[in-house]
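Structure record follows, encoded as structure tokens.
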Protein chains: 2
Amino acid sequence: MGGRQRPTIKTVAARAGVGRTTVSRVINGSDLVSDKARAAVLAAIAELKYVPNSVARGLVTSRTDSIALVIPESESRLGSEPYFSAVIRGVSTGLAATRTQLQLVLVRDQGELDQLTDTVATRRVDGVLLVSVHADDPLPGLLEEMGLPTVLAGRRSSCESLSHVHSDNAGGAAAAVRHLMARGRRTIATIAGPQDMDVGRGRLGGWREALTGAGREPDGLVAVSDFTEEGGERAMARLLADAPGLDAVFAASDVMAAGALLELRRQGRRVPEDVAVVGFEDSIIARHTNPPLTSVRQPVEEIGETIARVLLEEIADPDAPRRHLVLPTELIVRASS
Amino acid sequence: MGGRQRPTIKTVAARAGVGRTTVSRVINGSDLVSDKARAAVLAAIAELKYVPNSVARGLVTSRTDSIALVIPESESRLGSEPYFSAVIRGVSTGLAATRTQLQLVLVRDQGELDQLTDTVATRRVDGVLLVSVHADDPLPGLLEEMGLPTVLAGRRSSCESLSHVHSDNAGGAAAAVRHLMARGRRTIATIAGPQDMDVGRGRLGGWREALTGAGREPDGLVAVSDFTEEGGERAMARLLADAPGLDAVFAASDVMAAGALLELRRQGRRVPEDVAVVGFEDSIIARHTNPPLTSVRQPVEEIGETIARVLLEEIADPDAPRRHLVLPTELIVRASS
DNA sequence: GGCACCTTTGGGAACGTTCCCACCGTACAT
DNA sequence: ATGTACGGTGGGAACGTTCCCAAAGGTGCC
């Protein structure tokens with residue numbers, strides 16, 4: 001069953017009484033076709049339930065109508081899952097109106113990275129979406145060198161040459177700090193993200209800027225961590241040891257903030273009475289911590305949608321200048337501050 | 001740059017001083033090649049950095065070395081995200097050793113379902129993985145009819161004809177109930193999942209079986225809900241209204257259990273003193289509720305890995321009998337019971 | 001020494017498209 | 001009436017691979 005041979009463009013052409021080329025033109029929406037021929041072809045297509053073979057098409061056009069979304073698997077674990085789910089959803093939305101397929105690549109180790117390079121080399125995808133890039137990540141450079149359209153969510157550094165989209169990390173962090181100051185907090189520490197990632201540096205920068213801008217002294221109130229919950233706990237412990245008098249913490253991610261909450265409770269500090277806590281991302285986690293977490297919302301789904309859109313544009317016109325988009329953040333105030 | 005034409009199999013053949021076919025044989029691991037020829041070909045491949053064009057290969061072999069993972073987007077939202085992340089990770093693991101690519105399809109609405117049908121019709125994938133199937137889902141039947149290898153995580157009903165993998169829903173639920181009875185609970189209610197899904201029915205069945213098996217009366221202690229947190233809250237409210245004396249609840253998912261916890265607290269019941277709560281899945285959520293949630297762990301990543309493996313087998317041998325695997329669950333006891 | 005057989009090899013065809021180009025009318029300007 | 005232009009059309013070639021088949025070269029046996 002289903003063994004009946006699929007119709008090809010030739011079958012359709014014969015049925016419609018026209019040539020292959022005319023059928024191809026109808027399919028691809030060329031307007032150099034008479035209404036009569038077009039009608040005949042469309043009828044034949046419907047009758048035969050013809051669907052063009054995209055592999056054959058890909059062979060001659062050397063386009064595959066598919067893009068790859070690359071996610072470092074180490075970071076798809078732990079608490080950062082909601083981020084990736086949202087990005088995936090956004091990308092899928094951005095692709096919805098097109099016939100572009102989404103290929104998901106979880107990069108686990110060097111072996112899979114090689115495999116990915118092959119995938120790319122063999123031109124199985126028209127472009128690549130990269131998420132969660134580190135400063136020393138070899139992949140972006142590799143893709144750039146191969147001339148394959150590439151868009152990053154985030155960036156390697158502030159002078160990123162590839163197209164990229166990210167949220168206003170510094171601005172969001174600064175808003176969080178100003179909110180804490182407005183609430184009368186005196187000593188505002190921060191749990192920063194990895195400093196080999198621009199997100200990490202950007203949020204730390206925003207925190208520092210807001211403090212110095214208000215004439216405060218940020219020294220000694222930074223604990224650099226790794227975006228994990230355990231990391232957040234350890235960082236909070238360090239901060240409490242270094243600055244027992246702190247009355248507020250800005251964590252560069254919700255997950256780390258959740259860890260911080262655990263450590264604060266363990267040490268008998270009340271939130272928000274003794275210490276106010278603000279996170280970053282406004283993932284579902286923020287609504288479920290105890291107490292619910294004030295957080296800087298970043299439009300993750302929109303980031304996904306945007307990188308997809310930008311990539312499609314870049315595929316369509318590879319010579320267009322690279323894009324660099326910053327999406328706004330918004331402070332969502334809850335009980336923790 | 002990178003504009004230098006990619007080498008084809010012809011280039012390699014010329015460089016190695018052999019015919020196209022010999023190169024093809026070396027690439028595909030045929031043993032009808034002399035050692036000398038093989039060495040020459042391998043050298044040429046390395047020298048030219050040749051990578052076979054998989055699109056061209058796909059055209060002639062009508063295999064694409066890629067499979068689709070289909071996820072209903074409505075269910076990728078809400079709290080069920082950790083489930084999908086884990087499945088994706090598992091599938092990716094199951095594919096790691098092969099050159100099979102993973103295509104992710106989020107099905108939002110009818111339009112995208114049509115698009116998916118096209119994708120499948122046009123043979124852009126060798127097989128399909130289906131997650132979270134409902135009893136009346138048209139897709140599985142469609143795929144079956146097209147003769148495309150398909151594996152389900154879950155099943156439409158207990159007499160599923162397609163290959164499928166699921167965890168021991170009834171057994172896990174029964175274990176949860178027995179645990180609650182062992183803790184001395186007298187009135188054990190349940191928040192069940194959608195009854196048009198086998199997971200929902202299976203877990204409800206396990207709960208009922210364990211109770212009647214112990215000579216207890218399960219009547220009137222069921223609230224059917226929808227796997228969402230809000231649904232869990234509403235169901236809990238209904239149960240408390242119907243049976244104010246209940247002292248335990250088994251929820252068919254962690255997310256619904258989290259909702260139940262909220263409602264219990266709202267109504268001033270202490271957990272676990274007044275009411276014990278057990279969830280199902282043991283996702284990250286379980287570790288983060290207040291109090292931490294006792295839950296039936298299902299090996300989600302392993303499910304993903306297994307469906308991938310089974311699908312690959314089915315693609316390799318389409319006439320092999322369909323598989324039906326049940327993976328064991330394990331009760332993880334925490335503070336909520 | 002000839003015949004059959006097996007190993008190794010390479011060229012032709014095919015997969016289903018799109019693109020290039022040449023062709024045929026018809027209409028319009030000269 | 002002839003030339004020019006252009007909308008519409010279809011056939012040939014190409015994309016890069018695999019598969020089929022035929023042929024070349026060697027080996028062993030009668």
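Below, chain A is the first sequence line, B the second, and so on; all start at residue 1. Keep in mind that what you see is a predicted model, and the values were worked out from it rather than measured.
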Salt bridge (charged side-chain N to carboxylate O under 4.0 Å, His left out) contacts touching residues 91-104 of chain A (sequence neighbours left out): A:Asp65-A:Arg99

Heavy atoms from other residues, nucleotides or ligands near CG of B:Asp35 exceed 12 (cutoff 6.0 Å): no

DNA chain D contacts made by residues 51-60 of chain A, counting heavy atoms under 4.0 Å: A:Leu59, A:Val60

Salt bridge present between B:Glu144 and B:Arg156 (N-O < 4.0 angstrom): yes

Euclidean distance, atom CG of residue B:Asp65 to atom P of D:dT18 [Å, nearest integer]: 11 Å

Within 6.0 angstrom of B:Arg15 CZ, more than 12 heavy atoms from elsewhere: no

Interatomic distance where CZ belongs to A:Arg124 and C1' belongs to D:dC15 [whole Å]: 17 Å

Criterion side-chain hydrogen bond (donor to acceptor under 3.5 Å, both in side chains) on B:Glu314 and B:Ser163, from CA distance to verdict: CA-CA 9 Å; B:Glu314 200 160 317; B:Ser163 284; 2.8 Å; yes

Distance-minimising heavy-atom pair for A:Leu152 and A:Ile307: O-CG2, 3.7 Å

Rounded distance (Å) that lies between atom C1' of C:dG16 and atom CZ of B:Arg63: 19 Å

Residue-level proximity of residues 10-37 of chain B to DNA chain D when a heavy atom falls under 4.0 Å: B:Arg20, B:Thr21, B:Ser24, B:Asn28

CG on B:Leu104 to CD1 on A:Ile88, rounded to 0.5 Å: 6.0 Å

B:Thr100, B:Val125, B:Asp126 screened by side-chain contact (heavy atoms from CB on, under 4.5 Å) with B:Ile315, the one that passes: B:Asp126

